[in-house]
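The next block holds one structure in the form of structure tokens; read it before the comments.
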Amino acid sequence: MAALLLPLPRPQAACTSWLDKCSDLDGLKQIHATMVKTGLVLDAVPASRLLAALCRSPDDGSLTYALLLFERLRCRNTFMWNTMIRALSDGNLPEQAVILYCQMRSGAMPHNPYTFPFLLKACAALPSALPETQQVHGHIIKHGFASEVYAANSLLRVYARSGCTGSARKLFDRMPCRDAITWNSMIDGYAKSGRLEMARQLFDLMEEKNVVSWTSMITGCVESCLFKEALEFFGEMQVMGVEADARALTSALTACAHLGALDQGRWIHTYIKKRQMQLDPALGCVLVDMYAKCGELDEALSIFETTRERNVAVWTAMIAGLAVHGLGREALDLFKEMEEAGVKPNHITVTSALTACSYAGMVEEGRCLFERITREYNMSPSVEHYGCMVDVLGRAGMLKEAEDLINTMPFDPNAAVWGALANACRIHRNFELGKHVGKMLIELEPEQSGRYIQLASILAAEGSWTQSLTTRKLMRERGVLKLPGCSSISVKGSVHEFVVGDRSHPQAEKIHLEWARILRRLRKEGYMASTDELLLDLEEEEKEAAVGWHSEKLAIAFGFISTEPGTTIRIVKNLRVCADCHAVSKLISKVYRRRIVMRDRARFHVFVDGTCSCKDYW
DNA sequence: CTAGGGTTAG
């Protein structure tokens, strides 16, 4: 840098070219020094270039330095004010950005078209965006920027994203000229607030839908748990010939992951490979998640290995993937590897690792991890962390400790926490505590059918048939509908759904005959229906009938008639698997030499040769 | 120097 100190024939040109190349704070300080010496810093153009370079620099303290410089400059113009407002907004200091804007106004510094987009980005990041946004709205109108499309679009977006779709829509309707960004911001605003019908309405009216419009609809569906609809939008987008980019594919893959739609997920993966797209962290993350949630753990691992830039979400997706496959040890090893790689866990990572401990019965490891949340990660355990920990202890039969943990929680336990305890009580047959907690749960979530079922199961397990029935009756009287168990199986790219005793499938007759055939074979192998979990006091024969047409079984039977012998059968269930279906699946995997991959509400069961990957601990 | 869409758990 010695050359900087020599007298310069054309100081302005020289400084300008250095500023373009230099991004580290030390270098910029030297350039600043030279500019002071040559007097160049008094000139607005080079001074604003220096300011912009400081704001761009990633080094610690460069923003502070920029602010100090800005305060001392006498030749401040609108460009410089804009630059500083943007820097503060990007630097996670939105309040400071707004304060700076107020100073700008009180000094009567004029706006220009660039001011409002920066300022409104800061407004959007404020804890309560609305009052500031409304004031800025006033300024925009007062100073004649209302027809400036950047300002109006920025304003529309802040309203839409803060849930004020009404205000956003008013603006939308009054805008003299709307471009694609206007439409997309409005559509996205509706979709993000869960108002999908409104989003859809505008979407249909939009003439030139681009990849952003489609992605907004796909994401909107995903966020409202309409995963099938999300994939329908994605499919339609292909038909319309709109090329998907990484963000569109990320959204679509999220839907595949939730559905367990392996075929569509693979199709998207192929799309990515064909176009040689780089796996950025978000795409790597959802690909790992999709393969893991579709039961293809090896594939998930191989994506994980090839994702170059692994942020905490990518690690977490892999850890969670191992966890749901019951590979607790491996999940914790990966957690350790992540820490060694210098990636800090967040609360989701810890939740996933605790889940791993719970599913694999690793009590000591769970305890140790729970303690490290405060001691090492500088976080306070969230209510989810407590819930996981209650599950770890409870599943392992340590009910007293689980209860103590709930009583020492620094906040009110939520339904998930009590739910974990109630489940543990049922498994370990502590009926007194179980009934107490079960009743509390119903009071806490009277609209949740699962809570009534939870109490009814505990009562049934205890043999209190009458009370069990009363609980179910209470549910009906309150108009709460039991969530029907539903299993889906994906065959050749299309998803077939079944509920208990389903006869709605076009091939229902064949499916039922096939199941009867399988059942005869299983009986020969010594199968007896296991009906301990049944909530009703029925004769043995009736009990077998009651579990005999569970949705899992129908899905398996359909798998038998529609796939080649020996191929894997993949089933996704919306609730937990019942004990009888679990036992039947084990037996089928042995007798028919079929691998069955069953994803239930919480985790995977991979049945091979008579055993399950969950080791019957679930 | 300006505005729009994506990731992990429960």
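Residue numbers start from 1 in every chain, and the chains themselves are labelled A, B, ... in the order their sequence lines are given, proteins ahead of strands. This structure is a prediction, so every number in the text was calculated from the model and none was measured.
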Seminar exercise, completed: Phe145(A) atom CZ is separated from dA3(B) atom C1', nearest whole Å, by 15 Å
Exercise. For Tyr377(A) and Glu339(A), does a side-chain donor sit closer than 3.5 Å to a side-chain acceptor?
Worked result: yes
Problem set entry | Mutual orientation of the aromatic rings belonging to His143(A) and His111(A) [parallel < 30°, tilted 30-60°, perpendicular > 60°] | tilted
Exercise. So what does Thr254(A) touch, heavy atoms closer than 4.0 Å: a base, only the sugar-phosphate, or nothing?
Worked result: sugar-phosphate
Problem set entry | Per Pro117(A) side chain, nearest of listed nucleotides dT7(B), dA9(B), dT2(B) | dT2(B)
Exercise. Looking at dC1(B), dT7(B), dG5(B), which one has an atom nearest to any side-chain atom of Asn112(A)?
Worked result: dC1(B)
Problem set entry | Pair of N/O donor and acceptor under 3.5 Å linking dG5(B) base with Thr215(A) side chain | yes
For this session: Measure from the side-chain heavy atoms of Glu384(A) and tell me the nearest of dT8(B), dG5(B), dG10(B).
Result: dG10(B)
Exercise. Are any of Arg56(A)'s side-chain N or O atoms less than 4.0 Å away from OP1 or OP2 of dC1(B)?
Worked result: no
Exercise. Can you tell me if the side-chain N/O atoms of Thr355(A) get under 4.0 Å from OP1 or OP2 in dG10(B)?
Worked result: yes
Problem set entry | Value rounded to 0.5 Å, distance of OG1 in Thr182(A) from CG in Asn153(A) | 3.5 Å
Problem set entry | Under-3.5 Å donor-acceptor pair between Thr250(A) side chain and dG6(B) base | yes
For this session: Examine the base of dG5(B) for any acceptor or donor lying under 3.5 Å from a partner atom in the side chain of Asn210(A), and report the outcome as yes or no.
Result: no
Problem set entry | Gap between atoms CD and C1', on Glu148(A) and dA3(B) respectively (whole Å) | 10 Å
For this session: Give a yes/no on whether any side-chain N or O of Lys293(A) is located under 4.0 angstrom from OP1 or OP2 of dT7(B).
Result: no
For this session: Evaluate the side-chain proximity of Asn423(A) to Arg395(A): yes if any heavy-atom separation is below 4.5 Å, no if none is.
Result: yes
Seminar exercise, completed: Among the nucleotides dC1(B), dG5(B), dG10(B), whichever has the atom closest to the side chain of Tyr359(A) is dG10(B)
For this session: Give one of base, sugar-phosphate or nothing for Leu120(A), where a contact means two heavy atoms less than 4.0 Å apart.
Result: nothing
For this session: Select base, sugar-phosphate, or nothing to describe what Val211(A) touches, counting heavy atoms under 4.0 Å on all strands.
Result: base
Exercise. When you check the phosphate oxygens OP1 and OP2 of dT2(B), does a side-chain N or O of Lys121(A) lie under 4.0 Å from one of them?
Worked result: no
Exercise. Within the structure shown, what part of the strands sits under 4.0 Å from Lys209(A) by heavy-atom distance: base, sugar-phosphate, or nothing?
Worked result: nothing
For this session: In whole angstrom, give the distance that lies between atom CD1 of Ile85(A) and atom P of dT2(B).
Result: 15 Å
For this session: Report yes if a side-chain nitrogen or oxygen of Arg49(A) is closer than 4.0 Å to either non-bridging phosphate oxygen (OP1 or OP2) of dC1(B); otherwise report no.
Result: no
Exercise. Considering only dC1(B), dA3(B), dT8(B), which nucleotide approaches the side chain of Phe79(A) most closely?
Worked result: dC1(B)
For this session: Can you figure out which of dC1(B), dG5(B), dA9(B) approaches the side chain of Thr83(A) most closely?
Result: dC1(B)
For this session: May I have the distance from Leu249(A) (atom CG) to dG6(B) (atom C1'), rounded to whole angstrom?
Result: 10 Å
Seminar exercise, completed: Separation of dG6(B) atom P from Asp280(A) atom CG, nearest Å, is 13 Å
Exercise. Base, sugar-phosphate alone, or nothing: which one does Ala246(A) contact when heavy atoms must sit under 4.0 Å apart?
Worked result: base
For this session: Verify the stacking flag for Tyr150(A) against dT2(B): centroid separation must be under 5.5 angstrom and the ring planes must differ by under 30 degrees.
Result: yes
For this session: Rounded off to whole Å, could you give me the NE2-to-P distance for the His258(A) and dT8(B) pair?
Result: 6 Å
Problem set entry | Length of the line joining Met389(A):CE and dA9(B):C1', which is rounded to integer Å | 17 Å
For this session: Go through the steps to decide whether Arg576(A) and Asp600(A) satisfy the test salt bridge (Lys or Arg N to Asp or Glu O under 4.0 Å), and finish with yes or no.
Result: CA-CA 5 Å; Arg576(A) 299 309 306 267; Asp600(A) 75 12; 2.8 Å; yes
Seminar exercise, completed: Among the nucleotides dT7(B), dA3(B), dG5(B), whichever has the atom closest to the side chain of Ala282(A) is dT7(B)
Problem set entry | Candidate nucleotides dG5(B), dT8(B), dG6(B), ranked by approach to the side chain of Glu223(A) - the nearest | dG6(B)
Exercise. Where do Lys209(A) and Glu236(A) land on the salt bridge (Lys or Arg N to Asp or Glu O under 4.0 Å) test, with the steps shown first?
Worked result: CA-CA 12 Å; Lys209(A) 305 175 184 58; Glu236(A) 215 181 310; over 6 Å; no
Seminar exercise, completed: Ranking dA9(B), dG5(B), dT7(B) by distance to the side chain of Ala320(A), first place goes to dA9(B)
Seminar exercise, completed: Taken to the nearest whole Å, CD1/Ile140(A) to C1'/dA3(B) is 11 Å
Exercise. Do the side-chain N and O atoms of Tyr159(A) and His137(A) include a donor-acceptor pair separated by under 3.5 angstrom?
Worked result: yes
Seminar exercise, completed: Winner on side-chain proximity to Ser216(A), out of dG5(B), dC1(B), dA3(B), is dG5(B)
